[in-house]
Amino acid sequence: MSLIEHVGPLQKDDPTPLYLQLQKILRDAIESQVVKADEAIPTERDLAEEFDVSRITVRKAIDGLVGDGIVARRRGAGTFVTRPRVEKSFSKLTSFSEDMISRGRRPHSEWVSKTMGSVTPEEALSLGLSPGSLVYRFHRIRYADDTSMALEYATIPAYCLPSVETVGASLYEALDAAGHLPVRALQRLRAIAFSAEQAEILGIEPGSPGLLIERRGFLADGRTAEYTQSLYRGDSYDVVAELNG
């Protein structure tokens with residue numbers, strides 16, 4: 001990849017420091033998708049040779065982009081363009097698909113399992129169900145475009161769905177079709193570190209930081225319709241909430 005072919009050389013007679021000129025060139029190349037998300041930018045050595053500057057100048061330019069979260073260094077692999085972070089609102093009840101579509105991303109899921117069984121003690125407490133009640137469990141990997149974003153574990157009381165098979169691409173669409181779409185929810189957030197098994201599924205390093213969002217969704221009559229645990233990648237998500245005094 002030759003950036004000079006796209007942007008031309010640095011202006012040595014320009015009073016703007018060379019590292020800032022190079023930083024702007026790299027930033028513009030990323031914003032115009034000359035270098036796309038998840039692609040590596042040229043190495044420090046290649047950039048130094050191409051733009052006739054020292055590697056210290058190159059490193060300083062890249063450091064600024066790393067600090068802004070535009071690129072990330074991967075040990076032994078190079079420096080890669082990051083994907084835009086996703087904001088997850090805590091002030092509005094939305095599905096994963098709605099969040100992704102609103103940000104111009106293409107959501108899809110890979111089902112790991114769809115099962116039915118008796119409620120566990122933890123599920124019974126979260127859903128307000130009696131011991132022995134029937135529930136449906138849904139485990140899937142959530143994607144935005146082709147990037148894994150989250151693991152999701154949802155437990156739904158059997159009274160909310162005709163059967164486990166009625167859930168296709170969207171759990172909320174199935175709940176809506178059955179007349180049991182949650183109208184409000186309580187959510188709890190805490191930081192986690194992904195286990196080796198979870199990290200392997202998402203294609204990230206074991207111990208990577210993540211966000212666990214537990215959600216209990218309620219019907220208009222007060223019954224609980226959903227208990228979901230979503231494990232979001234910490235390098236892809238920000239959680240925001242609007243507060244009014």
Side-chain angles (χ1 to χ4, degrees), residues 86-103 105 107-144 148-192 194 198 201-202 210-234 236-244:
V86 173
E87 291 186 349
K88 174 65 179 175
S89 175
F90 249 32
S91 58
K92 185 178 180 182
L93 183 57
T94 57
S95 69
F96 174 89
S97 295
E98 290 171 332
D99 290 339
M100 295 304 106
I101 292 172
S102 69
R103 289 159 179 81
R105 307 290 290 274
H108 65 101
S109 301
E110 178 183 323
W111 287 105
V112 177
S113 63
K114 300 179 185 179
T115 60
M116 60 182 292
S118 297
V119 69
T120 66
E122 180 187 8
E123 291 168 339
L125 183 63
S126 298
L127 292 167
L129 297 176
S130 302
S133 297
L134 183 66
V135 294
Y136 301 132
R137 300 185 183 93
F138 304 92
H139 174 26
R140 55 185 167 174
I141 309 168
R142 310 307 300 263
Y143 292 86
S148 63
M149 302 293 281
L151 298 175
E152 185 178 278
Y153 305 85
T155 304
I156 307 297
Y159 56 69
C160 288
L161 291 169
S163 71
V164 71
E165 288 81 15
T166 58
V167 177
S170 171
L171 175 58
Y172 266 35
E173 284 183 6
L175 288 171
D176 192 18
H180 292 108
L181 185 68
V183 297
R184 67 180 183 90
L186 293 176
Q187 296 191 130
R188 176 179 297 172
L189 167 70
R190 71 171 182 267
I192 61 165
F194 282 103
Q198 293 166 341
I201 293 174
L202 290 174
L211 300 171
L212 169 60
I213 298 180
E214 293 183 342
R215 176 159 69 184
R216 286 191 297 152
F218 299 91
L219 303 175
D221 62 11
R223 290 182 298 166
T224 307
E226 166 200 17
Y227 172 56
T228 297
Q229 293 180 306
S230 299
L231 286 67
Y232 293 97
R233 289 175 52 162
S236 301
Y237 272 86
D238 292 321
V239 176
V240 298
E242 181 178 348
L243 304 177
N244 295 306

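Only heavy atoms go into these numbers, but all of them, side chains included; no hydrogens, no water, no symmetry mates.
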Subject >> salt bridge (charged side-chain N to carboxylate O under 4.0 Å, His left out) involving Arg137 - partner list, sequence neighbours excluded >> reply: Glu123
Original post:
According to the salt bridge (Lys or Arg N to Asp or Glu O under 4.0 Å) rule, which pairs have a member within residues 107-118, sequence neighbours left out?
Top reply: none
Original post:
Does any pair with a residue in residues 155-176 pass salt bridge (Lys or Arg N to Asp or Glu O under 4.0 Å), and if so which ones, sequence neighbours excluded?
Top reply: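 Listed by first then second residue: nothing to list.
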Using side-chain contact (heavy atoms from CB on, under 4.5 Å) as the criterion, list what pairs up with [X], not counting sequence neighbours.
| X | result |
| --- | --- |
| Leu125 | none |
| Ala177 | none |
| Ser130 | Ser133 |
| Thr228 | Glu152, Ala154, Glu226, Ser230 |

**OP:** Using the test ring-ring contact (aromatic ring centres under 6.0 Å, His included), find all partners of Phe218 that sit at least two apart in sequence or belong to another chain.
**Re:** none
Original post:
With sequence neighbours excluded, what pairs up with Tyr159 under the ring-ring contact (aromatic ring centres under 6.0 Å, His included) test?
Top reply: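 Counting only residues at least two positions away or on another chain, Tyr159 forms no ring-ring contact (aromatic ring centres under 6.0 Å, His included).
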Roughly how far, to the nearest 0.5 Å, is the [atom2] atom of [Y] from the [atom1] atom of [X]?
| X | Y | atom1 | atom2 | value |
| --- | --- | --- | --- | --- |
| Glu214 | Arg190 | CD | CZ | 5.0 Å |
| Leu231 | Met149 | CG | CE | 13.5 Å |
| Ile156 | Leu134 | CD1 | CG | 12.5 Å |
| Leu175 | Leu161 | CG | CG | 5.0 Å |
| Ser109 | Arg142 | OG | CZ | 3.5 Å |
| Leu127 | Tyr227 | CG | OH | 8.5 Å |

**OP:** Step by step, work out the side-chain contact (heavy atoms from CB on, under 4.5 Å) result for Leu151 and Gln198.
**Re:** CA-CA 8 Å; Leu151 298 175; Gln198 293 166 341; 3.8 Å; yes
Original post:
Taking it one step at a time, do Val135 and Leu129 satisfy side-chain contact (heavy atoms from CB on, under 4.5 Å)?
Top reply: CA-CA 9 Å; Val135 294; Leu129 297 176; 3.6 Å; yes
Original post:
Where do Thr155 and Tyr153 land on the side-chain contact (heavy atoms from CB on, under 4.5 Å) test, with the steps shown first?
Top reply: CA-CA 7 Å; Thr155 304; Tyr153 305 85; over 6 Å; no
Original post:
Given Thr115 and Val164, is the side-chain contact (heavy atoms from CB on, under 4.5 Å) satisfied, shown in steps?
Top reply: CA-CA 7 Å; Thr115 60; Val164 71; over 6 Å; no
Subject >> CA sep, side-chain torsions, deciding dist, call: Ser126, Arg216, side-chain hydrogen bond (donor to acceptor under 3.5 Å, both in side chains) >> reply: CA-CA 7 Å; Ser126 298; Arg216 286 191 297 152; 5.6 Å; no
Original post:
Between Trp111 (side chain) and Gly168 (backbone), is there a donor-acceptor pair under 3.5 Å?
Top reply: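 Pair found, side chain donor or acceptor close to backbone of Gly168.
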Original post:
Who are the side chain to side chain donor-acceptor pair (under 3.5 Å) partners of Ser118, not counting sequence neighbours?
Top reply: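 Testing Ser118 for side chain to side chain donor-acceptor pair (under 3.5 Å), a comparison that skips the adjacent residues, returns none.
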